[in-house]
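In what follows, a single structure is set out as structure tokens and then discussed.
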Amino acid sequence: MFIQDKKLLIEYAKKMIIDELTVGTAGNLSIYDPDEKAMVITPSGIPYDHMNFDDLVVMDLDLNILEGKNKPSTESFLHALVYKNRPEIRSIVHTHSIYATSYSTLRKTLGALHYIMADLGGEDIKCAEYATFGTQELAEAALKALADRKGCLLANHGVLALGKDLREAYSNARTIEYIAKMYHIVRFEDDVHVLSKKDIDAVIERMKSYGQ
């Protein structure tokens, strides 16, 4: 069950360490299959560089374990709640990347310093209200901050990124970190220009014909 998805999860879990999007065992990833009505998710507390097929956990969206011997990620409820409410989403990546996580301590919206922000669905990235990790309160706060977006910050915690597949979700997590790093570089400047909703809407329209 989920053989190809498990291969991808392990590949991208290792990439998170290489790309410095997290450290140790922090963060988590999942893929949802609407036909199976189940998600495969990374386990709790196992280092990504040691992770293998048997460590991953398959669950339905009511958090019943269908396959796997390990405890699933502590954020399983969050993943399940997003999949229940965002039927277009097939994958979730949660990171603790340093620049975005640092910015999340400000508990502010992250503005569009670059037009690449359009990939996330709008002109800003909202910050979910703080709640203890692994709780229903955190999941509900994140879902609210994700309205009309494919990513959000989690206050004093990290990043949540969504996608139609794992590749897009991972790319969105990297984009949020990229924008947060830009903010870190220019944060003491007085004349930083943030792109408007009109600017980003134009990019979203333009992107419809981008690529091959």
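Heads up: numbering here begins at 1 and tracks the sequence.
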With hydrophobic residues grouped by side-chain heavy-atom distances under 4.5 Å, do [X] and [Y] end up in a single group?
X: Ile3; Y: Ile10; result: yes
X: Val57; Y: Tyr12; result: no
X: Leu63; Y: Ile89; result: yes
X: Leu143; Y: Met59; result: yes
X: Met182; Y: Tyr99; result: no

Report the distance from atom [atom1] of [X] to atom [atom2] of [Y], rounding to the nearest 0.5 Å.
X: Ile179; Y: Lys181; atom1: CD1; atom2: NZ; result: 12.5 Å
X: Met207; Y: Ser209; atom1: CE; atom2: OG; result: 9.0 Å
X: Leu78; Y: Ser30; atom1: CG; atom2: OG; result: 9.0 Å
X: Leu66; Y: Met39; atom1: CG; atom2: CE; result: 9.5 Å
X: Ser76; Y: Leu61; atom1: OG; atom2: CG; result: 11.0 Å
X: Met51; Y: Lys14; atom1: CE; atom2: NZ; result: 8.0 Å

Between Glu20 and Arg174, is the closest basic N to carboxylate O distance under 4.0 Å?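 No salt bridge links Arg174 with Glu20.
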
Could you tell me whether Lys84 and Asp62 make a salt bridge, using a distance below 4.0 angstrom between a side-chain N and a carboxylate O?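 A salt bridge links Lys84 with Asp62.
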
Minimum heavy-atom distance between [X] and [Y], given as atom pair plus value:
X: Pro43; Y: Asn70; result: CB-CB, 4.1 Å
X: Gly151; Y: Leu146; result: C-CD2, 3.5 Å
X: Ser44; Y: Thr74; result: OG-CG2, 3.9 Å
X: Ala145; Y: Cys127; result: CB-C, 4.3 Å
X: Glu75; Y: Phe133; result: OE2-CB, 3.4 Å

Worked verdict on His94 versus His157 for side-chain hydrogen bond (donor to acceptor under 3.5 Å, both in side chains): CA-CA 10 Å; His94 168 42; His157 185 157; 3.0 Å; yes

Any side-chain to backbone donor/acceptor pair from Asp33 onto Asp35? Under 3.5 Å, distance only.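 At least one qualifying donor-acceptor pair exists.
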
Okay, side chain of Asn52, backbone of Asp54: is any donor-acceptor separation there less than 3.5 Å?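 Answer holds: yes.
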
Report the C-alpha separation of Asp201 and Glu205 in whole Å, then their side-chain angles, then the decisive distance to 0.1 Å, and conclude whether the side-chain contact (heavy atoms from CB on, under 4.5 Å) test is met. CA-CA 6 Å; Asp201 286 345; Glu205 186 63 30; over 6 Å; no

Taking only distance into account, with no hydrogens and no angle test, what donor-acceptor pairs under 3.5 Å do side-chain atoms of residues 106-122 form with protein atoms, sequence neighbours excluded?
residue	atom	partner	partner atom	Å
Arg107	NE	Asn156	OD1	2.7
Arg107	NH2	Asn156	OD1	2.8
His114	ND1	Ile116	N	3.0

Any side-chain heavy-atom pair of [X] and [Y] under 4.5 Å:
X: His96; Y: Thr101; value: yes
X: Tyr48; Y: Leu29; value: yes
X: Gln136; Y: Leu81; value: no
X: Ser97; Y: Thr22; value: no
X: Phe2; Y: Leu56; value: no

Could you tell me whether [X] atom [atom1] has more than 12 heavy atoms of other residues or ligands within 6.0 Å of it?
X: Glu140; atom1: CD; answer: yes
X: Asp49; atom1: CG; answer: yes
X: Phe53; atom1: CZ; answer: yes
X: Lys69; atom1: NZ; answer: yes

CA sep, side-chain torsions, deciding dist, call: Thr175, Asn172, side-chain hydrogen bond (donor to acceptor under 3.5 Å, both in side chains): CA-CA 5 Å; Thr175 294; Asn172 286 339; 4.9 Å; no

Could you pull out every donor-acceptor pair under 3.5 Å between side chains of residues 158-167 and any protein atom, sequence neighbours left out?
residue	atom	partner	partner atom	Å
Asp165	OD1	Arg167	N	3.3
Asp165	OD1	Glu168	N	2.8

Could you give me the CA-CA distance, side-chain angles and deciding distance for Phe77 and Leu138, then say whether side-chain contact (heavy atoms from CB on, under 4.5 Å) is met? CA-CA 9 Å; Phe77 187 88; Leu138 176 61; over 6 Å; no

What's the verdict on side-chain contact (heavy atoms from CB on, under 4.5 Å) for Lys6 and Val58, showing C-alpha distance, side-chain angles and the deciding distance? CA-CA 10 Å; Lys6 288 179 179 180; Val58 178; 4.2 Å; yes

What verdict does the side-chain contact (heavy atoms from CB on, under 4.5 Å) test give for Ile98 and Glu177, after you've listed the backbone C-alpha separation in whole Å, the side-chain angles of each residue and the deciding distance to 0.1 Å? CA-CA 8 Å; Ile98 187 62; Glu177 177 68 355; 3.8 Å; yes

Would you call the rings of Tyr83 and Tyr32 parallel, tilted or perpendicular, taking 30° and 60° as the class edges?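 Ring orientation of Tyr83 relative to Tyr32: parallel.
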
